[in-house]
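Indexing begins at 1, ligand by ligand and atom by atom, following the structure's order. Everything quoted here is computed from the prediction, not taken from an experiment.
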Amino acid sequence: MDKTLPSFAMSKDQMIEYGYKVVDAIAEHFDRMDEKNPVASGTREEMDELFAESIPEGSLPPEQVLDFVLKKVMPNSTNVSHPKSFAFVPGPSNFIGAMGDALASGFNIFSGGWVASPGAAELEIVTITWLLKMFGFPVKKGGGIFTSGGSMANLTAIATARSIKCGDDFSKAIIYMSDQAHSSNIKAIRTLGFSKAQVRIIPSDQEYKFGVSKLKNAIAKDRIQGFFPFCLIATAGTTNTGTVDPLSDLASICKQEGLWFHIDAAYGGAAILSANGKELLKGIKKADSLTVDPHKWFFQPYEIGCLLVRNHTWLKNTFTEKPEYLRDIEGNTSEINFYDHGVELTRRFRALKFYMSVKTFGLHTFKNAIDYNMKLAEEVEVLLRNSSHWEIISPATLAVINFRFNPFQLDLEEEKLDALNQYISQKVVDTKEALLVTTVLNKQVVLRMCLINPRTTMEHIQDTLKLCETFAGEYLNKTQTSS
Ligand SMILES: *Cc1c(COP(=O)(O)O)cnc(C)c1O
């Protein structure tokens, strides 16, 4: 009886033809990015209408599925690499990185242990070492791991800090961070089983920096009450304003008090490659652990985050388990099994895209891009300062700037300014031409631009500001006639 085996096989010609179509679509995405809109929106009902179906029992021609995905799925997702995608922290990405990911998936490299993939493990060691050196961490003693993103890097850091500083009993342990720290830190702390009462949120100062004297008081008070202060989380490049906490001061406090010093530099860390950024990030090398996200300002496609530590044994001591089924693949200690250095066993080959993009473009291209982004944000600040209807709320820092429409001749009340700027953002997003959203600083609704995309030009920004001004005029006309 000749029964065909169940199979996903395709002929080589079929794969090539299909693959070309995928590559064509990606190349076109990068090449004609400017001609499309960055914003996608859709309700659950609309998306259900497009996609909801029960699991298909039969097969379809491959091209039919691909066409459907390219026509329907991709346009219904925000284009975070678009030059007018200013919101949150954009993902500028790069083509070589995307192809690196395609190879990692295509060859389905298992990046968990040395024995399975010495090439992949070595590339992770090599690229982590580049980063250790870049941030002034000890290269021999230090270590790190690529994660899915900044959230997982922060979780890995806090788990490590706890295991090294507290051992098994963390019932009295206290962790400190400012009110500008990224939400992923709180999420990590909750996930790790700390109670809310074990977290101290220290108010930031007028410049949104960690309030150092308030921190000292809090630590002293906790000690008197019999708690165990063990970890401090600083931010280098807050998501709201790009602010860098006073890293050197915080490092001294941590040293004095015996606290673990974690720095979350998920988006801002890359600025170490620019002269200005290096100055702003002074003290970053004093961290015990450091989060940086290559999928933000190192221009990699999702997902790749990274955690660096001063001492690589900390990771191993925290995460190693020795189950019987892994005993044959231990290897020697210089041959790192990354499953021993973090939460994941099966891991995709994240180092590859980073390695390939740095090798292809050279570090100087990354430096130039980051320099360009920092300067662009400063130019935007000058432009806004020279206009009588824009107000700077927080100055250009690590390529982030906050501002609001506030024509000083009109002397508008705070409440109306909030509504006006909310309206501007909503209307701009409705056009889908630019993704510009608000944040709240000092109880004021403000517009925020994160300019880490090297494709963004002054013209893109001027177009967007013009759009804002049109909607501002519209709002002011409307509210004047109706009141
Ligand atoms: C983006 C960001 C994070 C979260 O990183 P993900 O990669 O989105 O998980 C954490 N901290 C800071 C400061 C960030 O900017």
Side-chain angles (χ1 to χ4, degrees), residues 77-78 80-81 85-93 97 101 131 135 144-159 161 175-192 199 201 204 208-210 231-245 247 250 261-272 277 280-281 284 287 289-308 342-344 347-348 350 353-354 370 373 377 394 397-402 435 437 439 441 448-453:
S77 308
T78 298
V80 292
S81 313
S85 191
F86 303 114
F88 319 112
V89 179
S93 190
D101 253 357
L131 290 166
F135 287 100
I145 187 166
F146 288 126
T147 61
S148 56
S151 303
M152 267 308 286
N154 286 334
L155 178 84
T156 308
I158 298 164
I175 190 159
Y176 303 83
M177 68 180 90
S178 96
D179 56 12
Q180 294 297 306
H182 191 270
S183 58
S184 60
N185 292 294
I186 285 284
K187 202 168 162 183
I189 288 166
R190 252 196 308 126
T191 306
L192 290 169
V199 186
I201 308 285
S204 52
Y208 309 103
K209 289 185 180 165
F210 212 122
C231 179
L232 183 149
I233 300 171
T235 313
T238 62
T239 320
N240 258 340
T241 58
T243 302
V244 180
D245 285 333
L247 303 179
L250 294 173
F261 187 28
H262 177 61
I263 299 180
D264 179 3
Y267 108 80
I272 197 88
L280 278 168
L281 296 171
I284 202 164
S289 55
L290 174 70
T291 289
V292 277
D293 262 359
H295 67 205
K296 286 174 174 170
W297 213 354
F298 283 110
F299 315 108
Q300 298 307 307
Y302 304 138
E303 307 158 339
I304 178 171
C306 176
L307 177 69
L308 300 179
V343 176
E344 298 167 291
R347 305 168 65 243
R348 58 180 286 110
R350 298 189 176 103
K353 54 187 161 189
F354 189 49
I370 292 162
N373 291 141
S394 81
T397 315
L398 298 183
V400 168
I401 181 163
N402 287 278
L435 185 57
V437 306
T439 188
L441 289 174
R448 176 179 167 282
M449 276 187 176
C450 181
L451 297 168
I452 64 166
N453 191 336

- For a side chain to side chain contact (heavy atoms under 4.5 Å, CB included) with Ile284, tell me which candidate from Val292, Val244, Ile263 qualifies. Ile263
- Message: Regarding Thr291 and Asp264, do their side chains bring together a donor and an acceptor under 3.5 Å, going by distance alone?
- Response: no
- If you look only at pairs with a residue in residues 289-308, which of them pass as a salt bridge (charged side-chain N to carboxylate O under 4.0 Å, His left out), with sequence neighbours excluded? Asp293-Lys296
- Query: Are the side chain of Thr156 and the backbone of Met152 linked by a donor-acceptor contact shorter than 3.5 Å?
  - Reply: yes
- Message: Can you list every protein residue that has a heavy atom under 4.0 Å from any atom of ligand 1, sorted by chain and residue number?
- Response: Gly149, Gly150, Ser151, Asn154, His182, Ser184, Gly237, Thr239, Asp264, Ala266, Tyr267, Asp293, His295, Lys296
- With sequence neighbours excluded, tell me which residues meet salt bridge (Lys or Arg N to Asp or Glu O under 4.0 Å) with Glu344. Arg350
- Who pairs with Pro294 by side chain to side chain contact (heavy atoms under 4.5 Å, CB included), at least two apart in sequence or on another chain? Phe146, Phe298, Gln300, Ile304, Cys306, Phe354
